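Some notes on the structure that comes next.
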Amino acid sequence: MQTLQQLRYTPVDHAPDAPGLVAEGLTVYYNTIPALLDVSFAIGVGERVAVVGPNGAGKSTLFKVIAGILRPTAGTVRVFGHPPGAHLCIGYVPQRSQIDWSFPVTVTDVVMMGRSAKIGLFRWPRSRDWAIVRHALRQVDMEALADRPIGELSGGQQQRVFLARALAQEAEILLLDEPLTGLDTPGQETLFAILDRLRAQGIIVLVATHDLDQAAAHFDRVMLLNRRLIALGPPAEALSPAHLLRAYGGHLHVLPGEGETPAVVLADTCCEGSEGR
Ligand code: ADP
């Protein structure tokens, strides 16, 4: 379980002209069990990518490596040319179940934590920091709840507060681990409207999701993962029946859909006999 205060970063300068996010040969083992095997990709500034795959496919592991929380067993990640450890411009929003919501902090406190690396240790926020925090809360329509304890908010509101925290951090890459889970349709629409604004600001957004329809509808590219990288491309290409069968194995039923993207029905169990095992 991560406390809210553990989600902090320290600053690093960008290498000029370096691509936004590059992974080469990423491999992660937990003891003897592989979670990621030889994963390589490059993602450009302003791209929005859905990371899709069955339970246990390594989506959270990938985000933790990019965020610098977990060291890969082999391979490298470069964020604007640098290794990710303690990289300020990465905003990581873990799955809701990974956060200790009983931590007694307000919405404003959470968003101000996004400023902590810029403010520095043992210093107080300045008027510019407060202005950035207010602006971030306004961007996600959460100004009115600024003084509420975070634990009292709905799941959708908590997601928006964490987005505001990443905005206050001036993050250039956002990693959102299953932000759609538990959100109703209006909540999902609000989230995508906010992500649309971030795209206009050139922020790279990676979203782990189980929802293939959302992945097909709202993202520039889809990364299909099952320990190995199975596909990374425009949704219709990445979510082809052949790729989906490789990712989900026998637990997938592919049905004909409208347009190029197939409609699919998934069994939400994992995937013995499929890729990477
Ligand atoms: P996803 O997010 O796609 O569900 P994860 O990255 O959480 O996948 O997990 C990938 C694999 O690694 C799974 O088999 C999972 O059980 C295993 N795993 C994840 N975290 C740990 C851990 N801390 N210790 C041991 N195994 C882990």
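Every number for a ligand or one of its atoms is a count from 1 in the order of the listing. Keep in mind it's a predicted model, so treat the numbers as computed, not measured.
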Gly53 near ligand 1 by a heavy-atom separation under 4.0 Å: no

Passing candidate, side chain to side chain contact (heavy atoms under 4.5 Å, CB included) with Arg148, options Leu153, Val161, Thr108, Thr106: Leu153

Arg227 touching ligand 1 at heavy-atom level, < 4.0 angstrom: yes

Nitrogen or oxygen atoms of Gln95 and ligand 1 under 3.5 Å apart: no

Considering all heavy atoms, the nearest Ala166-Gly91 contact: CB-CA, 4.2 Å

N or O pair under 3.5 Å between Ala35 and ligand 1: no

Gap separating the CG atom of Leu191 from the CG atom of Leu183, nearest 0.5 angstrom: 6.5 Å

The one among Gly56, Ser60, Pro34 that brings a heavy atom closest to atom 10 (C) of ligand 1: Gly56

Those residues that, when tested against Phe63, pass ring-ring contact (aromatic ring centres under 6.0 Å, His included) (two or more places apart): none

Exceeds 12 heavy-atom contacts within 6.0 angstrom, atom CZ of Arg138: yes

His218 and Asp196 side chains, donor-acceptor separation under 3.5 Å: no

Per-atom contacts, ligand 1 versus Ala57 - under 4.0 Å to a heavy atom: 1 (P), 3 (O), 8 (O)

Side chain, backbone, both or neither: Pro54 near ligand 1, heavy atoms under 4.0 Å: backbone

Residue portion contacting ligand 1 (non-hydrogen atoms closer than 4.0 Å) for Asn55: backbone

